Amino acid sequence: MQKEYNPQAVEREAQRYWEDHACFHVVEEPGKPKFYALSMFPYPSGRLHMGHVRNYTIGDVIARYQRMLGKNVLQPIGFDAFGLPAENAALKSGTAPAEWTDANMAYMRGQLRQLGLAYDWSRTLATCQPEYYRWEQWLFTRLFKNGLVYRKASVVNWDPVDQTVLANEQVVDGRGWRSGAVVEQREVAQWFLRITDYAEELLADLDKLEGWPDAVKTMQRNWIGRSEGLEVDFALDDGSPLTVFTTRPDTLYGVTYLAVAAQHPLTLAAAKKDARVAAFVEETRRSGVAEATLETMEKRGVPLGVEATHPLTGERVPVWAANFVLMSYGSGAVMAVPAHDERDFAFATRYGLPIRQVIEHRGGADGEYRFDASRWQPWYADKQVGLVVHSGPLDGLDYRAAFERAAAELEAKGRGRRRVNYRLRDWGISRQRYWGCPIPIVYCDHCGAVPVPEADLPVVLPRNLVPDGHGNPLAKDAEFVNCRCPQCGAAARRETDTFDTFVDSSWYFARYACPDQHTRMLDERSAYWLPVDQYVGGIEHAILHLLYARFFQKLMRDEGLSRVDEPFTRLLTQGMVLKDGAKMSKSKGNVVDPQDILASHGADAVRLFMMFTAPPEQTLEWSDAGIDGAARFLRRLWKLVEDHAAAGAAPALDAASLDAGQRELRRHVHDTLAKVSDDYARRYSFNTAIAACMELSNLLQRWTDTSPQGRAVLQEA
RNA sequence: GCCCGAGUGGCGGAACCGGUAGACGCUGCGGACUUAAAAUCCGCUGAUCUUCGAUCGUGCGGGUUCGAUUCCCGCCUCGGGCACCA
């Protein structure tokens, strides 16, 4: 043992040993309890940042603990290697994205090794490798055959900076999640996955995820957004139905007008005859997403000059086009009950539409909720506390009873039906991008869109193209585009769009079980390892990645590739690493490069600092003094062990012969063991585990008993 | 607006099932060692006061309890998510 603690030398030696002996290489051992620890794989942006260091340290600490418990622990690592930054780098430097990505991965692999992470490097993968994405393409063609994939020309979110289509999930406050540019609406034909077919199960199974933070489950529940309600047919004068969706059929008798979206067929028809309507449609189209979010969302609309007949009362109510009605939710039309809905009320007062109370506070109209003729005081009725009034057969009923009664009446008349709607939309997965996984489709003039047969997979992405900033270079690559139709053999063209990179990262966790399997997507090894026992990653993936990965797990299950319903048993979402109260970023100039800290303090000091300074799920404030403190503790610990070892071997511990002081120290040692074990296994409270160790080491440093049994107790400690 | 979290010393945080508030670390101050400095080691470091002691103190106001950072009610502030979803 060296006299002085030299972190670089110690770490180099340990890491070399681990590598030479393949210490963390694992194979399936059916008799042994397994533990699959996984951290979210990095995008190869160039170098690791502190967020990575924290993420991978937490995962590694959990993995190593489970290993010490005697479990067969798999901890793999790879790269989420497709994506936009590679193309942006290509624009700047002229290097092919493949080259840039490869170089970054090589450098970052070295950094990951220097961090001393217990990875099974034999299982590493990168999503840009044909051996990997081949199976993604294969699964897509299977889903195609099963009707879970469709192509649809639709209005999409167009990011004018990144020149690509974004999923709803990738639009944040009307801006692209990566570029920050204001998103425009464009009509583009693209491929969709029917994630809405799984909406119910994705929602219901959240209840099974006891090892997930409530915050993440709540976010996913809200994102899926299940609403139970009724579809109600109002009758237009030509007898055709105008269908609305409502979750409040108890307020049906309070309807005083209908509102439809600007893109609704009824609006578009009226626009042909009425210049005012046409102007409204044009205005709404122009303002689009951007203005709706930036401005205060003022309620605006225009009458269509059309009336519809109420299915229960037979009353005729006017139909308006309104900017607050979304074409993409429900039927693009709503019934308005201004007395009990804030939005409907704002619209009605603005345009002088009638307001009719149909809900009364339980126990009668009291002052707070009274509607007097001079001053309409709308009550945005809570489902829990209202009783229906002025509503014929619904009078006196509460929400639930009125719902049932209205549903029954409408069903009997054939003018309504129960229906569940979701906020969740199908997942648009096409990207007009080069550096991604090619969508395995061939367009043939005779056969249409034809999936590439399994024997012809993978559709390999050419690695040598360099984007020039004007569209997708794949589309200009004749060698890639021109092909033969797999069905009829005629000349055909390949799809040049690539998958959203979220597709790549939706199943990598399963592939780590068998990355070398060249005849199947997954094999029996995945049955051994799945599900992931512990997943660790940033809270920023609470919705997108984690929802998509859950979806893919269910798709793979339904394809017979897995028997597991949920991919991640336990989830830990680690907090961000901040410096001076702000997220580290180049633009703020507050970045601390892990590489510098590795050189100055060593991997163990950074790791210790990160695990000690804050609980894993909380934000962590970077502190140079804190790093020094961690390094100081390690030096003291080293010296403690070194001093003891230098004094020679201690005799065997004889518990029966210990004096009071020796017994007390021993008791403290075992108390610490119990506490640390509990902190690791149950609480995931690493900061207190470390504090307990520091406390013990402070005690040991002051231990002056050099008698044979005094040294024996110290040695045990 | 709605839905989640969280508010404890100068700072990061601890107190796990209602039982010594502030573990552990950082910072600061004092001391030892040194010609000196760094490093290291030792001590002190919530506030106030009449300082060998006492009082107050966990965002604010109430409540339950022998006892509340912890439980209940009502607020305030900060952070996150969703946001015209009918």
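For the numbers below, each heavy atom of this structure counts, side chains included, while hydrogens, waters and symmetry mates do not. Remember, predicted model here, so these are calculated numbers, not experimental data. Convention: sequence-line order gives letters A, B, ...; per-chain numbering from 1.
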Determine the Euclidean distance between corresponding P atoms of B:rC26 and B:rU40; express it in Å to zero decimal places.
10 Å
Using the test ring pair (Phe, Tyr, Trp, His ring centres under 6.0 Å), find all partners of A:Phe633 that sit at least two apart in sequence or belong to another chain.
none
Quantified in whole Å, what is the C1' atom distance between nucleotide B:rG10 and nucleotide B:rC29?
13 Å
Under 3.5 Å, is there an N or O donor on one side and an acceptor on the other linking the side chain of A:Arg425 and the base of B:rC85?
yes
Would you say the ring centroid of A:Phe345 lies under 6.0 angstrom from that of A:Phe347?
no
Gap between atoms OH and P, on A:Tyr329 and B:rA83 respectively (whole Å)
13 Å
Between B:rU70 and B:rC3, how many Å separate the two P atoms, rounded to a whole number?
23 Å
Taking distance alone, no hydrogens or angles, what donor-acceptor pairs closer than 3.5 Å link side-chain atoms of residues 606-616 of chain A to residues at least two apart or in another chain?
from: A:Arg607; atom 1: NH1; to: A:Asp60; atom 2: OD2; distance (Å): 3.0
from: A:Arg607; atom 1: NH1; to: A:Leu115; atom 2: O; distance (Å): 2.9
from: A:Arg607; atom 1: NH1; to: A:Gly116; atom 2: O; distance (Å): 3.3
from: A:Arg607; atom 1: NH2; to: A:Asp60; atom 2: OD2; distance (Å): 2.8
from: A:Thr613; atom 1: OG1; to: A:Phe609; atom 2: O; distance (Å): 2.6

Spatial distance of atom CZ (A:Arg221) from atom CZ (A:Arg226) [nearest 0.5 Å]
12.5 Å
Keeping A:Asp426 on the side-chain end and A:Thr196 on the backbone end, is there a donor-acceptor pair under 3.5 Å?
yes
Rounded to whole angstrom, note down the C1' distance from B:rA21 over to B:rA47.
14 Å
Of all the nucleotides listed (B:rC84, B:rG81, B:rC4), which has the minimum atom distance to the side chain of A:Ile543?
B:rG81
Under 4.0 Å between a side-chain N/O of A:Asn698 and OP1 or OP2 of B:rG25, yes or no?
yes
Assess whether salt bridge (charged side-chain N to carboxylate O under 4.0 Å, His left out) is satisfied between A:Arg415 and A:Glu409, documenting all intermediate values.
CA-CA 9 Å; A:Arg415 304 299 294 173; A:Glu409 294 249 339; over 6 Å; no
If we take the C1' atom in both B:rG7 and B:rU58, what is their distance in whole Å?
9 Å
How far, in whole Å, is B:rC16 from B:rA6 if one measures between their P atoms?
15 Å
For a quick test of reading the model: is some side-chain N or O of A:Arg343 closer than 4.0 Å to OP1 or OP2 of B:rC85?
yes
Which residues pass the salt bridge (charged side-chain N to carboxylate O under 4.0 Å, His left out) test with A:Asp197, sequence neighbours left out?
none
Taking N or O atoms only and anything under 3.5 Å, show me the protein contacts with nucleotides 38-42 of chain B, one pair per line.
from: B:rU40; atom 1: OP1; to: A:Arg635; atom 2: NH2; distance (Å): 3.4

Taking the C1' atom in each of B:rA86 and B:rG18, what is the distance between them to the nearest angstrom?
46 Å
With sequence neighbours excluded, what pairs up with A:Tyr422 under the ring pair (Phe, Tyr, Trp, His ring centres under 6.0 Å) test?
none
Measure all distances between protein nitrogen or oxygen atoms and nitrogen or oxygen atoms of nucleotides 11-15 of chain B, and list the pairs falling under 3.5 Å.
from: B:rG12; atom 1: O2'; to: A:Thr613; atom 2: O; distance (Å): 2.7
from: B:rG13; atom 1: OP1; to: A:Gln618; atom 2: OE1; distance (Å): 3.1
from: B:rG13; atom 1: O3'; to: A:Asn687; atom 2: ND2; distance (Å): 3.4
from: B:rA14; atom 1: OP1; to: A:Asn687; atom 2: ND2; distance (Å): 3.1
from: B:rA15; atom 1: OP1; to: A:Arg683; atom 2: NH1; distance (Å): 3.0
from: B:rA15; atom 1: OP1; to: A:Arg683; atom 2: NH2; distance (Å): 3.0

Would you state whether a donor and an acceptor, one from the side chain of A:Arg682 and one from the base of B:rC16, lie under 3.5 Å apart?
yes
Under 4.0 Å between any heavy atoms, over every strand shown, what does A:Val337 touch: base, sugar-phosphate, or nothing? Just pick one.
nothing
Who are the salt bridge (charged side-chain N to carboxylate O under 4.0 Å, His left out) partners of A:Glu231, not counting sequence neighbours?
A:Arg417, A:Arg419
Taking only N and O in the side chain of A:Arg423, is any of them less than 4.0 Å away from OP1 or OP2 of B:rA83?
yes
Can you tell which of B:rC84, B:rG25, B:rC82 lies closest to the side chain of A:Trp223?
B:rC82
Closest to the side chain of A:Val334, out of B:rC24, B:rC16, B:rA86, is B:rA86
Could you tell me how far B:rG19 sits from B:rU65 if I compare only their C1' atoms? Round to whole Å.
12 Å
Only Watson-Crick and G-U wobble pairs, only distances under 3.5 Å, only runs of 3 or more: what stems does that leave for RNA chain B?
B:1-7 with B:76-82, B:10-12 with B:24-26, B:28-32 with B:40-44, B:46-49 with B:53-56, B:59-63 with B:71-75
Using ring pair (Phe, Tyr, Trp, His ring centres under 6.0 Å) as the criterion, list what pairs up with A:Tyr329, not counting sequence neighbours.
none
Using whole Å, report how far CZ of A:Arg419 lies from C1' of B:rA86.
13 Å
For A:Glu664, salt bridge (charged side-chain N to carboxylate O under 4.0 Å, His left out) partners two or more places apart
none
My understanding is that only residues two or more places apart in sequence, or in another chain, count here; which of them pass salt bridge (charged side-chain N to carboxylate O under 4.0 Å, His left out) with A:Arg570?
none
B:rA23 P sits how many Å from A:Asp679 CG, rounded?
17 Å
Using whole Å, what does the distance between atom C1' of nucleotide B:rG25 and atom CG of A:Asp624 come to?
15 Å
Check every strand shown and say whether A:Gly629 touches a base, only sugar-phosphate, or nothing at a heavy-atom separation below 4.0 Å.
sugar-phosphate
For residues 681-694 of chain A, the salt bridge (charged side-chain N to carboxylate O under 4.0 Å, His left out) pairs (sequence neighbours left out) are A:Asp678-A:Arg682, A:Asp679-A:Arg683
Starting from P on B:rG81, measure out to CG on A:Leu544 and report it in whole angstrom.
11 Å
